[in-house]
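Below: one structure, written as structure tokens.
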Amino acid sequence: MIERDLKLKEDVAEFIGKRMDRIADKQDEDRKNTNKEIIKIHSRLMEKIAPELRKDLFELQAAYVCAGALEGEACYKQGLQDGMKLALGVIE
């Protein structure tokens, strides 16, 4: 029973990850433009900062991206839970 529950959790986590990837692939125009602007600013900064600071900037950027991904995943999971609660509440 416990092993089956763990497998189900893994399957749901995998589904959520794949679904979030598909959603990200279908970005709207505003988000695409924002990402392009981020790339431009990043490139300008890289040209201006000393090489020894670039590693720190990359680490900071990676931390921000990770934090954003974790927040997005948490919001997606909460939305899924809220939707299930709503659906179950309607059935009762």
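On a predicted model such as this, the values are computed, not experimentally measured, just so you know.
Cluster membership check: L60 does not share its hydrophobic cluster with I41, using side-chain heavy-atom separations under 4.5 Å among Ile, Leu, Val, Met, Phe, Trp and Tyr. Hydrophobic clustering places I23 together with V12 (ILVMFWY residues linked when any side-chain heavy atoms are closer than 4.5 Å, directly or through intermediates). With hydrophobic clusters built from ILVMFWY side chains whose heavy atoms lie under 4.5 angstrom apart, I39 does not share a cluster with L57. Put simply, L70 and V65 are part of two different groups of oily side chains (I, L, V, M, F, W, Y) that touch within less than 4.5 Å, one to the next.
We find the OG1-NZ distance between T34 and K36 to be 11.0 Å, quoted to the nearest 0.5 Å. The NZ atom of K77 sits 14.0 Å away from atom CG of D82, with the distance rounded to the nearest 0.5 Å. The structure places CD1 of I91 at 10.0 Å from CG of L86, a figure rounded to the nearest 0.5 Å. One finds the CZ atom of R44 at 9.0 Å from the CD atom of E47 (value rounded to the nearest 0.5 Å).
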K32 and N35: side-chain contact (heavy atoms from CB on, under 4.5 Å), yes or no, with the steps? CA-CA 5 Å; K32 287 179 184 179; N35 286 338; 5.8 Å; no

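Here the closest heavy-atom approach between residue M20 and residue E73 is recorded as CE-N, 3.3 Å. The two residues M46 and R54 make their nearest non-hydrogen contact at O-NH2, 2.8 Å.
Around the CD atom of Q78, the shell of radius 6.0 Å holds more than 12 heavy atoms that belong to other residues, nucleotides or ligands.
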